[in-house]
Structures are given as structure tokens and as C-alpha cells.
Amino acid sequence: MAQAINQTDMPSTFDYEEAEDRLYEWWESNGWFKPEVNKDGESFVVPMPPPNVTGALHLGHALFSSLEDLMTRYERMRGKAALWLPGTDHAGIATQLQVEKLLQSEGTSRVDVGREEFLARTWQWKEEKGGRIQAQLRKLGASCDWSRERFTLDDGLSEAVTEVFVRLWEQGLIYRGPRLVNWSPGLMTAVSDLEVESKEEEVLLYYFKYPLKDGGYLPVATTRPETILGDTAVAVNPEDERFKDYIGKTAIVPIIGREIPVIGDDYVDMEFGTGALKITPGHDFNDFELHEKHDLELINIMNRDATLNENAGDYAGMDRFDARKQLWADMEAADLTIKTEKYLTRIPRSQRGGEVVEPLVSTQWFIKMDDIAAKAVKAVREGDIKIVPERFTKVYYHWLENIQDWCISRQLWWGHRIPAWYREKDGDPEGEIYVGREAPKGDGWVPEEDVLDTWFSSGLWPMSTVGWPNEDTLDYQKHYPADVLETGHDILFFWVARMIMMGLWFTDKPPFHTVYLHGLVRDKEGKKFSKTIGNVIDPLDLTAEYGTDPLRFTLITSGTPGNDINLDVERVDYNARFINKIWNMIKLVNMNLDGELELGLPDKSELDIPSRWLVSRQQKLIQSVQKLFDNYLYGEAGNQILSFMWDEFAPWYLEIAKHNLYGENEAEKTKTRRVMVHVLDTCLRLLHPFMPFMTEEAWKYIPHDGEALIIAKWPESDATLIDEEAESQMMLIMDMIQAVRKTRKEYNVDPSKRITALVAPGSQRALLEKYDYAFGRLCNVATIELLADDAPAPENSASAVVRDSTIYLPLEGMLDVEKECERLTNEREKVTADIKKREGKLANAGFVNNAPEPVVQRERDSLAESQAELQKIDGLLASLCQ
RNA sequence: GGGAGAUUAGCUCAAUUGGCAGAGCACUUCGUUUACACCGAAGGGGUUGUAAGUUCGAGUCUUUCAUCUCCCACCA
């Protein structure tokens with residue numbers, strides 16, 4: 001097939017500002033983001049991790065979007081019906097907080113306006129702010145099918161949520177009851193274990209006297225004195241000689257005077273603190289367990305806003321931290337304190353609000369996780385799901401095998417309301433509970449106020465977005481299970497594990513076969529981005545300055561799977577220059593075309609050595625890239641493509657090709673054009689998933705087959721084009737050119753001076769004769785004169801040896817014999833050392849017998865080369881430096 | 001307390017199955033040759049954190065120690 005392209009209008013640089021939006025719109029309006037573009041292809045589905053609906057794009061989004069778009073574009077080019085399914089998450093707490101802040105700024109609050117008005121305001125907020133992140137993802141070139149965009153509060157997804165809740169209830173896996181939970185006083189809701197972050201902080205450890213009824217006291221230490229008011233026992237270790245006799249006696253709670261027992265339990269660490277432990281079952285998870293074990297009383301002393309309640313006596317109504325100070329002061333006055341000391345311990349704080357989380361007894365909904373988790377463990381263990389990188393499977397197992405029941409109720413308004421209703425019975429307003437898809441018939445039913453944890457709905461994402469629970473639809477059949485789930489390792493438990501559990505439990509199929517986990521993006525020094533440090537990098541600033549492609553390429557090539565990326569903006573700059581480089585390669589080719597050109601490579605037998613070399617090198621590149629892609633090693637693949645283009649194609653092939661392009665031989669000219677176009681075309685295809693905009697635009701400027709690069713075919717390697725002979729010969733030419741450049745430099749030969757070179761070609765007379773023009777172009781040699789095999793070394797010449805070929809540069813009066821001898825001697829030393837090393841290796845029977853044949857052969861070849869070089873150098877030394 | 005990762009050039013990072021340790025930035029010297037100065041040429045810079053082991057061969061596998069980071073866990 002012959003193709004012509006318009007050569008007149010190629011801009012001198014890639015104008016990303018102009019091109020990006022135009023290309024994106026073109027792709028999208030042609031339906032190329034839809035899986036239907038490859039109707040008959042195998043399905044490939046990537047569910048997008050739904051960003052918070054009102055969020056703004058950060059580098060984490062840019063990273064997932066770059067990787068997932070790469071995967072999607074790659075599979076699309078491979079002919080698959082690729083679907084990258086986008087959507088957003090309602091993000092219960094995060095969104096509710098933003099709207100509450102807004103209300104606060106208006107001088108009102110969610111309680112003031114009421115639930116209905118609050119939800120209306122939140123939907124309004126979502127409509128106003130919600131489009132932003134989608135627009136930003138478009139800016140990054142995300143080729144997702146926007147026509148299928150989903151939101152976790154959409155009707156269909158809400159139906160899935162209700163269905164799952166009701167089924168779990170019917171299966172007896174959901175229960176409700178008062179439990180000690182992590183309570184966030186600022187957010188006024190329960191939070192799950194995962195939403196609590198503990199960091200080491202310096203606090204005070206308070207030592208005090210626990211008075212005994214019979215007189216005397218037990219010394220006790222605590223970090224939270226206010227919880228003394230809720231104590232229902234004091235515990236000591238029964239092995240403890242100091243205290244064991246106190247077991248069974250009665251202690252008196254300081255200040256409020258309640259009587260409590262002294263108990264013995266080996267849980268108490270004799271070495272720590274005073275060796276005696278106060279027990280507060282209502283406000284401490286360990287103490288709660290002891291309370292169950294010893295049948296102790298449980299007293300709740302705290303309100304939902306972390307003020308103390310009526311059980312705290314005179315301290316009722318005080319904030320927990322004020323009460324702490326006041327109580328301690330009162331105890332000091334009563335001579336009940338011993339001392340305080342500084343103490344480093346982990347303080348649990350709410351991941352969202354940042355305030356100290358309080359263990360608090362409240363009535364919540366839970367899912368029994370054991371059976372569900374076991375299935376999820378099994379699926380990974382048996383290989384139905386693969387986690388990349390593999391090391392995270394261990395972390396995954398550990399969490400699932402020690403899983404706690406999941407507290408799914410949240411005392412929020414923004415979210416999926418729990419489908420439960422209560423009716424008064426025997427004086428208990430919640431005496432009767434109904435759980436169902438619809439409100440129950442009959443009078444007196446009051447709906448549950450609580451909503452579900454945000455992760456409950458996102459845990460259903462791969463199913464609910466394709467129509468579950470309606471499994472009969474074509475959409476569901478085709479797109480569930482999905483294929484790859486790509487996300488950050490920080491939400492392995494929050495999201496990935498829950499999707500796997502839910503997917504397996506309800507469909508009996510793993511929701512995807514591969515989990516690819518990326519790391520966190522950090523700054524150049526490896527610090528987390530933070531507004532307080534002021535090191536935040538906005539991806540959109542980078543795309544504005546450099547364009548989208550360099551950022552994408554940088555994020556993909558800056559790290560390895562699962563490891564954090566320290567983003568160095570210099571790399572974005574460098575990659576922007578790579579894009580410029582490619583653009584200019586295209587420009588060179590473009591301006592050297594003329595009319596129609598047949599596509600595809602000429603037959604190998606017609607190609608010259610540089611072409612055979614280039615094609616062979618590219619075949620190896622394709623093989624390597626394929627292998628890397630198969631193993632999700634996209635970063636290395638990108639680097640190899642860059643290296644091929646920048647270090648081989650551009651500086652060697654394109655320079656040498658100019659000889660044919662600017663020459664008169666039309667047949668050679670055409671062949672060279674075809675090779676250049678073909679190799680460049682292949683490079684653009686390989687690079688398209690990394691840098692979609694520039695490659696698509698550049699593709700227009702070379703002859704090509706097909707409407708758009710986004711739907712062009714992914715390159716496949718052809719092993720018959722690998723050509724070791726051509727690679728070896730080309731390597732000789734390149735080595736000789738580099739030797740000339742180096743020699744010229746060492747003698748300070750004016751770079752613009754076109755010199756003559758004499759060459760003793762050794763075994764490669766024909767090769768050097770044919771490609772002597774390469775020297776002219778690449779090391780500014782005017783003429784190459786091939787010497788007879790038996791010709792003596794020319795006088796007054798600097799020389800360089802490559803294998804069994806020697807190149808002489810006549811320097812007339814400029815040759816410094818002493819310097820030349822020094823150069824040759826240095827060279828000789830290097831070569832001798834090399835020979836010695838290789839001879840040693842080859843003399844080692846272990847090496848020769850055990851190493852794979854190609855490795856041994858390479859060693860032999862290199863040795864032969866070095867030996868030839870040594871012989872030549874010795875000849876030169878003998879004639880020049882006697 | 002348990003687990004994971006990292007440690008390679010001054011800085012940021014690569015190195016796919018063990019097979020001649022590489023890039024970019026920075027540095028030195030030089031050069032505008034009509035694709036590209038957003039470029040090109042030549043160069044300096046490494047005992048791959050430590051100590052041992054396995055192997056013909058180790059950045060890569062095993063073990064020790066050190067430093068840093070992260071995750072998990074109920075010591076007041």
C-alpha cells in the first residue's frame with residue numbers, strides 16, 4: 001500500500017497546548033474510547049478507582065491515570081475490546097465535612113438545617129464541584145469510556161448496595177448491637193479500625209494512688225486520668241509478689257468514691273508502669289476484654305462529643321481534656337498523685353479529622369468477616385488472583401487472616417442509608433427490626449438514621465458498575481469479571497480486599513485476575529507531599545508547563561511496581577526534550593519524503609547494513625518491550641524505547657541515512673525512506689500508550705496505514721529480521737567512527753577541518769569500502785583511503801585500532817611522537833588487561849562447561865577481537881616508538 | 001513486638017531468567033555540520049551500605065549487622 005502525506009505544514013515544535021484538547025475531542029467523538037471499537041475482540045476491563053467526587057487532581061491520580069490509560073491503550077491496540085470504566089465516589093466523610101464547612105461559613109450547621117436540607121445542599125455541592133476531576137482526567141489523556149461513567153450514589157449502584165446488605169442480613173452475616181468502637185468525636189461518627197491512624201506522640205504518664213477500702217493504696221499509672229471515673233476494677237498480676245495479696249480486696253475510685261474490686265490477671269505486665277492496672281471497660285479495648293472475662297461492670301462516662309456524662313459526677317459536661325486537668329488537680333489536692341513523667345506512645349487519631357479517637361460503646365452495624373475473608377484468601381492462594389508485585393500477597397493474607405468484624409454504620413447523612421426500620425415493642429422503640437429492599441408495610445416503622453461506610457459501596461465497584469445484581473444483562477456477562485485492578489497499595493485493605501471479598505461472595509468469581517499496586521508519589525527528597533511543608537506539586541502546573549505526555553512518561557518510568565516514586569521535576573523536563581527529539585526525527589523524515597511511498601520494509605536482501613542493523617535492533621526492542629509488558633514492567637519498557645530512539649536510531653541511522661536521502665540513487669533513497677518510516681512508525685506505536693498526544697499528532701506526518709494511531713495495531717516482533725551479522729558489522733563502523741572522534745579530540749584537530757583518513761581494513765575491506773561515506777558525515781573525514789593489506793603504517797599519523805582494522809589520521813607536522821606512543825601504550829595496557837581477564841575466564845573449565853553457550857561464545861569473540869587489536873597495536877609501537 | 005521495602009556515580013533513579021554496572025541532572029573540554037542548542041561530540045566520576053556464604057560467575061540468591069522508610073499489632 002502506498003501512502004502520501006502532506007509535507008508542507010509540519011510545525012517546528014509539537015504545540016501541545018493546541019493539540020491536546022483537539023486530539024482528545026477527536027478520539028472521543030469517534031468513539032475510540034469505547035470497547036465497541038474492537039467489537040469482536042476479547043474483552044479487557046479496568047475499573048477506575050473512583051476518585052472523590054468533589055476532589056481535585058493530585059499526582060496520585062496522575063499516576064493511576066497514566067498507568068491505567070497505558071494498559072487500556074495497549075490492549076486496545078492489541079485488538080481487545082478494552083474498557084476503562086470511569087466513575088466517582090461519594091466519599092461520605094470527606095464530602096460531608098466540606099459541606100459542613102460551607103454551612104459553617106454561612107453561620108449555620110447541618111443540625112440547624114436538618115437532614116433533608118443538608119442532603120439537598122450536598123447534592124448541589126456535588127453538582128457544582130463534581131465535574132472538576134473528570135475534566136482533569138481528560139486533560140491527562142485518559143481514554144476511558146465516559147458514556148459509562150458511574151457514581152456510587154447512582155440508582156443502579158445503590159440498588160447493588162441494598163441488595164448486598166439485605167442478602168448478608170438474610171445470611172446472618174450482619175448484626176447490630178452495642179459494642180466498643182472507635183469513635184470520632186469531631187466527626188460524631190463511628191469509624192472502622194482502618195480509619196484510625198496511630199502515631200507516636202509524647203504524652204504524660206500519670207502515676208497515682210488507688211486507695212484501698214482497708215487502707216493503703218495501689219500505685220497505678222495511666223495516660224488518660226479522666227478515664228479513672230469509669231474504672232470498674234484494678235488489676236494486678238497474680239504472680240506479682242508485691243501485689244498478689246491485694247487480689248479480692250476493694251479499691252475506691254478517687255474523688256467519686258465508687259467501690260471496685262481488685263482482680264488478678266496475667267495480662268498485667270509486672271514490669272510496666274507500677275505493675276498495677278486500672279480497668280476501664282467502657283473506654284479501652286483491652287479493658288473491654290477483661291470486663292468480659294471477669295464479668296466486670298461497664299460504665300460509659302462520655303457523650304458522643306467527648307464531653308463527660310452524668311456518670312462522671314461533678315465533671316459531667318466538661319470536655320475530656322479539661323476533665324483530665326481538673327481531675328488531676330483535684331487528686332493532687334487530695335494527695336492521691338505520685339508523679340507524672342513524659343512518655344512516648346502511640347495515640348490513635350482519626351484519619352480524616354485528625355482528632356484523638358475515643359473507644360466508646362455505641363450501637364452499630366457489623367459484618368461478620370471470617371467466612372467472607374477466607375474465600376478471599378483462598379482465591380489468591382490458589383492463583384485465581386495475582387497481586388503485582390507479589391510481596392503484597394503476604395500483607396494481604398496477614399490482614400485477612402486476622403480480620404476483625406467490619407463496623408459498617410456511620411452516623412453521617414451523606415451516603416447509602418442502611419435499609420433497616422424499627423418499630424416500638426414492649427416499650428423499646430427499637431424493639432422490632434426490619435431489614436429489606438423496601439420499607440415495610442404497616443404503621444409505626446421508623447427508618448434507620450445511619451448510613452453505610454463509603455467503602456461498602458466502593459467494595460462492590462467492579463460488579464455494580466456493570467449492572468449487578470442483574471446478572472442476565474449482556475453488559476454484565478461481557479464486563480464481569482474485570483481484568484486488571486490498578487491502584488495504590490495504601491488502599492489494599494480499604495478497597496482491594498473488600499472488592500475481592502464481595503465479588504467472590506456474591507458472584508463466586510474473583511472480580512479481576514490481577515491486582516497491580518503502585519506506590520505513593522513523593523517529592524524529590526522522598527517526603528510526602530503536604531500543604532504544611534509546602535512541597536505540593538500540582539500535576540496541572542506540570543502539564544501546563546511541559547504538556548501532558550512528559551508528565552505521564554516521567555511517572556511511568558520513574559519507578560518500579562509497588563515502590564514509592566520520588567518525583568524529580570528535572571525528569572519531566574528531560575522527557576519533554578525527548579518528545580521534542582522525536583518530533584524532530586519525524587520532521588527530518590517528513591521533509592525528506594517525496595510523494596507516495598510504499599509502506600512496510602523492503603525485503604531484507606535489498607537492505608544495506610545500517611538498515612539491517614536498525615531493523616534488527618528494533619526487533620530486539622519489540623521482543624524486550626513485549627516481555628516487560630507481560631510482566632507489568634512498564635517503566636523499563638519506556639526507558640528502552642527511549643534509549644533505542646535517542647541512542648541508536650537518531651544519532652547513527654538517521655545521520656548515515658542522510659547520505660542516501662541527499663544522494664542521487666533513487667532506489668537507495670526509496671529504500672531508506674521506507675526503512676525510516678517503518679521504524680519510526682513502529683516506535684510511535686510502542687510509545688503511544690505512554691505519550692498518546694505527541695505520538696498521535698506526529699503519526700500524521702509520516703505515511704501510515706489507518707485512521708488514527710490510537711486504534712493502530714500494536715507491533716509484533718519478527719525474529720527473521722534479527723541479524724547478528726549486520727549488528728556486528730555496524731558495530732565495527734560505529735567503533736571506528738568513535739575512535740576517530742576521540743583521536744581528533746586528543747590532538748585538538750579543528751572540528752571543522754575535514755581530514756583524510758587511511759584505513760588498513762583487515763578482514764572488513766568490502767564493508768569499509770562501501771560505507772566509507774559514514775565517516776565523512778559522522779567524524780568529518782573528507783576521504784577514506786583503503787590501504788593494501790601489506791602496506792606499511794603511514795608516517796606522521798595518529799592511529800586507532802578496532803578489532804583487526806586500523807585507521808590512520810595523517811597529522812603532518814602536528815604529530816607528537818611521544819604523545820602518540822603514550823596513547824598507544826595506554827591502549828595496549830587496556831587491551832592486555834582485557835585479554836588477560838578473558839583468557840582467565842576461558843581457561844576456567846567451570847565457566848566453559850557451565851555457562852550457556854552464547855555467553856561463552858561472546859567471551860571467545862571478544863577475546864579474538866582484543867587479540868587482533870593487540871597485534872595491531874604492537875605493530876604500531878614497533879614502527880613508531882622503538 | 002511482627003512484617004515489608006530501600007540502601008547502586010555528588011543528586012534522582014534504572015539494570016526483565018545470576019552473564020562485560022547504565023541513564024538523566026550536575027561537572028570538565030569542545031562544537032551552531034540545512035531534524036533538533038529543547039542539540040551534538042569527547043571525558044571525569046562506582047570496592048553496588050556491612051560482613052560472610054552459595055556459584056565457573058552475584059547489584060541480582062542465602063545469612064549477619066547497620067541506617068532509613070512504610071505497614072500491621074490491645075502494654076496501661
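In the text below, chain A, chain B and the rest are named by the order of the sequence lines, each starting its count at 1.
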Colleague: CG of Asp573(A) to CD of Glu545(A): how many Å apart, nearest 0.5 Å?
Modeller: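 It is 7.5 Å, given to the nearest 0.5 Å.
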
Colleague: For the residue pair Phe493(A) and Trp399(A), does the interplanar ring angle fall in the parallel (under 30°), tilted (30 to 60°) or perpendicular (over 60°) class?
Modeller: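 The arrangement is parallel - the two ring planes meet at less than 30°.
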
Colleague: Looking at every strand, decide which applies to Gln640(A) at a 4.0 Å heavy-atom threshold: base, sugar-phosphate, or nothing.
Modeller: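 Base, at least one base heavy atom under 4.0 Å.
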
Colleague: Quick one: on RNA chain B, does Leu194(A) or Met585(A) contact a more 5' nucleotide (nearest heavy atom)?
Modeller: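 Its nucleotide being nearer the 5' end, the pick is Met585(A).
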
Colleague: Give one of base, sugar-phosphate or nothing for Pro854(A), where a contact means two heavy atoms less than 4.0 Å apart.
Modeller: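 Here Pro854(A) touches no strand at all.
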
Colleague: In dot-bracket form, how is RNA chain B paired, counting a Watson-Crick or G-U wobble pair only if both its distances are under 3.5 Å and using | for bases paired to another strand?
Modeller: (((((((..((((.....[..)))).(((((.......))))).....(.(((..]....))).))))))))....

Colleague: Expressed in whole Å, how much space separates the P atoms belonging to rG59(B) and rU47(B)?
Modeller: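 So the two P atoms sit 13 Å from each other.
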
Colleague: Give one of base, sugar-phosphate or nothing for Tyr662(A), where a contact means two heavy atoms less than 4.0 Å apart.
Modeller: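 The answer is sugar-phosphate, as Tyr662(A) gets under 4.0 Å only of primed atoms, P, OP1 or OP2.
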
Colleague: I need the single residue from Asp284(A), Thr232(A), Thr227(A) that forms a side-chain hydrogen bond (donor to acceptor under 3.5 Å, both in side chains) with Lys278(A). Which is it?
Modeller: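 Among Asp284(A), Thr232(A), Thr227(A), the one that satisfies the side-chain hydrogen bond (donor to acceptor under 3.5 Å, both in side chains) with Lys278(A) is Thr227(A).
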
Colleague: Give one of base, sugar-phosphate or nothing for Lys581(A), where a contact means two heavy atoms less than 4.0 Å apart.
Modeller: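 Contact class for Lys581(A): base.
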
Colleague: Of all nucleotides in RNA chain B with an atom under 4.0 Å from a non-hydrogen atom of chain A, which is the first and which the last going 5' to 3'?
Modeller: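 Boundary nucleotides touching chain A, in 5' to 3' order, are rG3(B) to rA76(B).
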
Colleague: Select from Trp399(A) and Arg391(A) the residue whose nearest nucleotide in RNA chain B is closer to the 5' end of that strand.
Modeller: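 Its nearest nucleotide lies further toward 5', so the answer is Arg391(A).
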
Colleague: If you take any heavy atom closer than 4.0 Å to RNA chain B, which residues from residues 745-752 of chain A end up in contact?
Modeller: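 Hits under 4.0 Å, by residue number: Lys745(A), Pro751(A).
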
Colleague: Report the residues that fulfil ring-ring contact (aromatic ring centres under 6.0 Å, His included) with Phe494(A), sequence neighbours left out, ordered by chain and then residue number.
Modeller: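 So Phe494(A) forms a ring-ring contact (aromatic ring centres under 6.0 Å, His included) with Trp455(A).
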
Colleague: For atom P, what is the distance between rA76(B) and rG1(B), given to the nearest Å?
Modeller: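 Rounded to whole Å, the distance is 14 Å.
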
Colleague: Would you say NZ of Lys819(A) has more than 12 non-hydrogen atoms from neighbouring residues, nucleotides or ligands within 6.0 angstrom?
Modeller: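 Yes, the 6.0 Å shell around NZ holds more than 12 heavy atoms from other groups.
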
Colleague: Where do Asn590(A) and Lys587(A) land on the side chain to side chain donor-acceptor pair (under 3.5 Å) test, with the steps shown first?
Modeller: CA-CA 5 Å; Asn590(A) 174 281; Lys587(A) 206 162 68 182; over 6 Å; no

Colleague: Once you apply a heavy-atom cut-off of 4.0 Å, does Arg224(A) come out as touching a base, just sugar-phosphate, or nothing?
Modeller: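 Here Arg224(A) touches no strand at all.
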
Colleague: Checking Phe529(A) now: which residues fulfil ring-ring contact (aromatic ring centres under 6.0 Å, His included) with it, not counting sequence neighbours?
Modeller: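 If we apply the ring-ring contact (aromatic ring centres under 6.0 Å, His included) test to Phe529(A), skipping adjacent residues, there are no hits.
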
Colleague: Look up atom OG1 in Thr280(A) and atom CG in Asp287(A), then write down how far apart they are to the nearest 0.5 Å.
Modeller: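 Between Thr280(A) OG1 and Asp287(A) CG, I get 5.0 Å after rounding to 0.5 Å.
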
Colleague: Other residues, nucleotides and ligands only: do more than 12 of their heavy atoms fall within 6.0 Å of NZ on Lys293(A)?
Modeller: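 Enclosed: over 12 neighbouring heavy atoms sit under 6.0 Å from NZ of Lys293(A).
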
Colleague: When the C1' atoms of rG49(B) and rC71(B) are considered, how many whole Å apart are they?
Modeller: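 Looking at atom C1' only, rG49(B) and rC71(B) are 23 Å apart.
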
Colleague: Could you tell me how far rA23(B) sits from rA9(B) if I compare only their C1' atoms? Round to whole Å.
Modeller: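 Each nucleotide's C1' atom is 11 Å from the other's.
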
Colleague: Over 60° means perpendicular and under 30° means parallel, so tell me whether Trp328(A) and Phe208(A) are parallel, tilted or perpendicular.
Modeller: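 Because their plane-to-plane angle is over 60°, the rings of Trp328(A) and Phe208(A) count as perpendicular.
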
Colleague: Take atom P in rU32(B) and the same atom in rC20(B), then report the distance between them in whole Å.
Modeller: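 Their P atoms lie roughly 39 Å apart.
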
Colleague: Quote, to the nearest angstrom, the C1' distance that separates rC11(B) from rU64(B).
Modeller: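 Nearest-Å result for rC11(B) against rU64(B) at atom C1': 31 Å.
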
Colleague: Look at all strands and tell whether Asn563(A) reaches a base, only sugar-phosphate, or nothing, counting heavy atoms closer than 4.0 Å.
Modeller: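 Contact class for Asn563(A): sugar-phosphate only.
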
Colleague: Will you find, in the side chains of Asn566(A) and Arg522(A), an N or O donor that is under 3.5 Å from an N or O acceptor?
Modeller: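 No, Arg522(A) and Asn566(A) have no side-chain donor paired with an acceptor closer than 3.5 Å.
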
Colleague: Could you tell me how the ring of Phe578(A) sits relative to the ring of Trp646(A): parallel (under 30°), tilted (30 to 60°) or perpendicular (over 60°)?
Modeller: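 Rings of Phe578(A) and Trp646(A): parallel, as their planes differ by under 30°.
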
Colleague: Using a cut-off of strictly less than 4.0 Å between a heavy atom of the residue and any atom of RNA chain B, enumerate the qualifying residues of residues 282-293 of chain A by number.
Modeller: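 Correct list: Asn286(A).
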
Colleague: At 4.0 Å (heavy atoms only), tell me whether Lys837(A) reaches a base, stays on the sugar-phosphate, or touches nothing.
Modeller: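 Nothing, no nucleic acid heavy atom in range.
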
Colleague: Would you please indicate yes or no on a ring centroid separation below 6.0 angstrom for Tyr217(A) and Tyr210(A)?
Modeller: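 Ring centroids of Tyr210(A) and Tyr217(A) are no less than 6.0 Å from each other.
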
Colleague: Say we look at rU54(B) and rC72(B): how far apart would their P atoms be, to the nearest angstrom?
Modeller: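 Here rU54(B) and rC72(B) have their P atoms 40 Å from each other.
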
Colleague: Can you tell me, in whole Å, how much space there is between the P of rG19(B) and that of rC61(B)?
Modeller: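 Approximately 11 Å lies between the P atom of rG19(B) and that of rC61(B).
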
Colleague: Whether Lys669(A) engages the ring of Tyr662(A) as a cation-pi pair (distance to the six-membered ring centre under 6.0 angstrom, angle to the ring normal within 45°) should be assessed.
Modeller: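 Here Lys669(A) fails the 6.0 Å and 45° test against Tyr662(A).
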
Colleague: Base, sugar-phosphate, or nothing for Gly519(A), non-hydrogen atoms under 4.0 angstrom?
Modeller: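 Nothing: the residue Gly519(A), judged by heavy atoms under 4.0 Å, touches no strand.
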
Colleague: Taking any heavy-atom pair under 4.0 Å as a contact, classify Gln857(A): base, sugar-phosphate, or nothing.
Modeller: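 Nothing, no heavy atom under 4.0 Å.
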
Colleague: Mind checking the CG-CG spacing from Asn535(A) to Leu567(A)? Nearest 0.5 Å is all I need.
Modeller: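 So the gap between those two atoms works out to 11.0 Å.
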
